[in-house]
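Comments concern the structure below.
Note that ligands are numbered from 1 as they come in the structure, with each ligand's atoms numbered from 1 the same way. Sequential numbering from 1 along the given sequence is applied to the chain's residues. Only a predicted model underlies this, so the values are computations on that prediction, with no experimental measurement involved.
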Amino acid sequence: MNDVLPEAIARWHRVERAFREISTRYGYTEVRTPIVEPTQLFVRSIGETTDIVEKEMYTFVDKGDDMLTLRPEGTASAVRAYVEHAVNGREPISKWSYVGPMFRRERPARGRYRQFWQAGVECFGDAGPFVDAEMIDMVVTMLASLGVQDLEVLVNSLGSGETRAKYKDALTAYLSPHRDRLSEDSQRRLGTNPLRILDSKSEGDKEICAGAPSLLEFLDDADRTHFEELQKSLDALGTRYRVEPKLVRGLDYYSRTLFEVQGRGGELGAQNTICGGGRYDGLVKELGGPDVPSIGFAAGIERILLVMGGEDRAPTIDVAVAVADAALRVDASVLLRDLRAAGLVADGDLRGQSLKSQLRRADKLGAKVVLVLGPAETERGVVQMKDLAAHSSNEVPRAEVVARVRDRVRESA
Ligand code: ATP
Ligand code: MG
């Protein structure tokens with residue numbers, strides 16, 4: 001679990017701003033749900049035999065007897081809220097977005113943390129496939145706006161429940177003779193959740209899976225048309241993608257469209273999946289709601305930061321106020337208040353240090369302008385305005401100084 005210190009926050013804000021801006025343009029509005037939920041919500045939605053539920057959840061008993069879990073992902077909570085507030089009765093389509101921390105007790109690595117941040121969306125009420133394409137296009141647009149170019153979009157279709165069941169049997173039949181050579185985790189999954197073996201990170205498992213039957217051969221006509229139309233839409237939008245028939249992803253609730261965005265540049269290393277999403281047409285009903293088809297994705301903010309580039313930067317200010325005489329600190333605090341009221345980022349070191357040290361500090365904070373209050377100048381109703389970039393200095397009437405600084409700062413913006 002990481003601290004994000006102030007010098008790193010500007011890059012975080014850039015990502016969050018880009019996500020909010022783009023998702024708003026695509027018709028999404030933010031929802032905020034609690035960070036803890038009843039454990040059962042995640043067990044039912046994510047699935048009992050998934051890594052998350054089997055070993056990664058932070059679960060605790062809340063005083064009495066409620067079993068609660070720190071949310072490991074955002075979709076289950078969003079669906080719970082959607083059902084609880086009977087949102088489908090008010091509107092046919094709901095487009096929700098969220099940004100916040102998620103918790104999974106995984107083995108930490110670069111790009112893999114126990115508290116990490118996701119930005120995601122959920123679209124309820126549209127069975128697709130055009131909204132699926134729109135969503136994939138939105139993620140790529142957002143990442144491009146952050147300067148992340150070297151991406152690969154993988155898409156697949158899991159088909160409907162029946163398709164999945166048939167495929168599960170075929171996959172089990174294919175993998176069973178290789179059982180002894182599978183990793184320990186995968187051997188266990190063979191009996192419970194064989195699709196997850198396709199998602200295994202073990203090299204040996206990957207080799208065996210290379211010869212597995214393809215999901216796409218099992219799609220029924222309606223599934224296949226849906227998937228073809230998705231691809232046609234992506235082509236029309238100019239969104240590049242690759243069909244990856246082995247893409248399954250770790251959660252149980254998916255059906256039909258699945259997608260992942262992988263990054264290739266930067267410092268991602270093995271954790272190169274930036275964003276994962278898919279359709280979960282049965283989940284709303286599964287959680288006690290009506291039959292409402294839905295699709296969503298979540299992007300890992302830390303992973304975007306790893307591919308985005310750019311340096312951490314200490315925060316800067318527009319203008320500093322300094323005093324030549326400690327007795328003028330009251331005047332300085334009034335001037336600071338006036339500058340701030342005018343929308344300027346203003347600060348001053350009023351501890352009573354020497355003028356030299358105050359000026360050094362102003363320079364360190366990146367101030368473009370320093371206003372120096374001296375006894376003689378104050379007597380005459382003027383302030384000394386030092387332009388640090390232009391290395392110039394002149395006297396300005398106190399009554400005009402705020403406007404003058406504002407003009408100077410605007411000029412250099
Ligand atoms: P991975 O295969 O990398 O474990 P996942 O399939 O578990 O990913 P999802 O549950 O789909 O991932 O979450 C969506 C996104 O959230 C991921 O693509 C990734 O960017 C991010 N993410 C997931 N787990 C972590 C983590 N432990 N630390 C940082 N980011 C994460
Ligand atoms: Mg994972």
Side-chain angles (χ1 to χ4, degrees), residues 1-4 12 15-16 19 42 45-47 49-58 69-79 97-122 135-136 138-140 142-143 146 148 151-156 158 185-186 189 193 195-202 205-206 209 244 246-255 257-280 283 295-308:
M1 297 187 184
N2 298 310
D3 299 311
V4 180
W12 279 78
V15 174
E16 291 162 27
F19 173 73
F42 301 115
S45 53
I46 297 169
T49 56
T50 55
D51 281 356
I52 292 180
V53 171
E54 273 178 348
K55 51 190 185 201
E56 294 174 359
M57 295 203 301
Y58 286 96
T69 294
L70 296 184
R71 66 177 182 198
E73 55 106 55
T75 301
S77 310
V79 173
S97 65
Y98 61 86
V99 176
M102 307 293 161
F103 304 84
R104 297 183 195 175
R105 199 174 188 289
E106 333 201 41
R107 188 174 317 160
R110 177 184 287 283
R112 189 177 296 291
Y113 314 109
R114 290 180 168 182
Q115 173 176 331
F116 59 98
W117 284 66
Q118 284 186 338
V121 304
E122 315 291 349
M135 194 176 276
I136 294 170
M138 180 179 114
V139 181
V140 173
M142 174 189 74
L143 291 169
L146 289 167
V148 185
L151 299 171
E152 185 161 42
V153 177
L154 308 180
V155 299
N156 192 22
L158 273 184
D185 273 348
S186 292
R189 289 193 184 117
N193 195 352
L195 259 68
R196 287 283 285 113
I197 300 174
L198 297 178
D199 204 21
S200 167
K201 306 230 150 82
S202 130
D205 289 354
K206 280 189 193 166
C209 288
E244 175 47 72
K246 301 245 156 54
L247 180 66
V248 289
R249 307 186 30 72
L251 293 73
D252 261 7
Y253 51 58
Y254 288 116
S255 58
T257 307
L258 267 192
F259 62 96
E260 244 181 46
V261 179
Q262 298 188 346
R264 281 177 301 197
E267 306 167 48
L268 274 179
Q271 272 62 249
N272 65 344
T273 306
I274 300 173
C275 157
R279 190 157 270 297
Y280 48 93
L283 186 60
I295 180 168
F297 78 77
I301 295 186
E302 287 88 348
R303 292 193 194 172
I304 295 177
L305 289 168
L306 283 170
V307 283
M308 191 175 90

Inset, instruction - State whether the shortest distance between N or O atoms of Phe116 and N or O atoms of ligand 1 falls below 3.5 angstrom. - result: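 By distance alone, the answer is no.
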
Legend entry - Contact (N/O only, under 3.5 Å) between Glu302 and ligand 1: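 No; every N/O pair is 3.5 Å or more apart.
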
Legend entry - CD1 on Ile46 to CE on Met57, rounded to 0.5 Å: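 The distance works out to 6.5 Å.
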
Legend entry - Within-4.5 Å side-chain heavy-atom neighbours: Phe116 and Ile301: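 No, too far: nothing below the 4.5 Å cut-off.
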
Inset, instruction - Taking the side chain as every heavy atom from C-beta outward, state whether Thr273 and Arg303 have any pair of such atoms under 4.5 Å apart. - result: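 Thr273 vs Arg303: side chains touch.
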
Inset, instruction - Apply ring-ring contact (aromatic ring centres under 6.0 Å, His included) to Tyr280 and list each qualifying residue two or more places apart in sequence or on a separate chain. - result: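 Once residues adjacent in sequence are excluded, the partners of Tyr280 under the ring-ring contact (aromatic ring centres under 6.0 Å, His included) criterion are Tyr253.
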
Give the atom numbers and elements of ligand 1 that come within less than 4.0 Å of a heavy atom of [X].
X      : result
Ala298 : 14 (C), 15 (C)
Ile274 : 18 (O), 20 (O)
Gln118 : 13 (O), 14 (C), 15 (C), 16 (O)
Cys275 : 18 (O)

Legend entry - Minimum heavy-atom distance Phe297-Tyr98, with the two atoms named: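 In terms of heavy atoms, the two residues are closest at O-OH, 4.0 Å.
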
Inset, instruction - Kindly give the heavy-atom pair with the smallest separation between Leu158 and Leu195, and that separation in Å. - result: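 Taking Leu158 first and Leu195 second, the nearest heavy atoms are CD2-CD2, 4.0 Å.
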
Inset, instruction - Select one of side chain, backbone, both or neither to describe which atoms of Glu56 lie under 4.0 Å from any atom of ligand 1, heavy atoms only. - result: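 Neither part.
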
Legend entry - Proximity to ligand 1 by part of Arg104, non-hydrogen separation under 4.0 Å: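 Contact part for Arg104 vs ligand 1: side chain (C-beta onward).
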
Legend entry - Contact check, Glu106 vs ligand 1, heavy-atom distance below 4.0 Å: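 A heavy atom of Glu106 does come that close to ligand 1.
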
Inset, instruction - Give a yes/no on ligand 1: does Met102 have at least one heavy atom closer than 4.0 angstrom to it? - result: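 Distance cut 4.0 Å: Met102 fails for ligand 1.
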
Inset, instruction - Not counting sequence neighbours, which residues clear side chain to side chain donor-acceptor pair (under 3.5 Å) with Ser186? List them please. - result: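 In terms of side chain to side chain donor-acceptor pair (under 3.5 Å), with neighbours along the sequence ignored, Ser186 is linked to Ser183, Asp205.
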
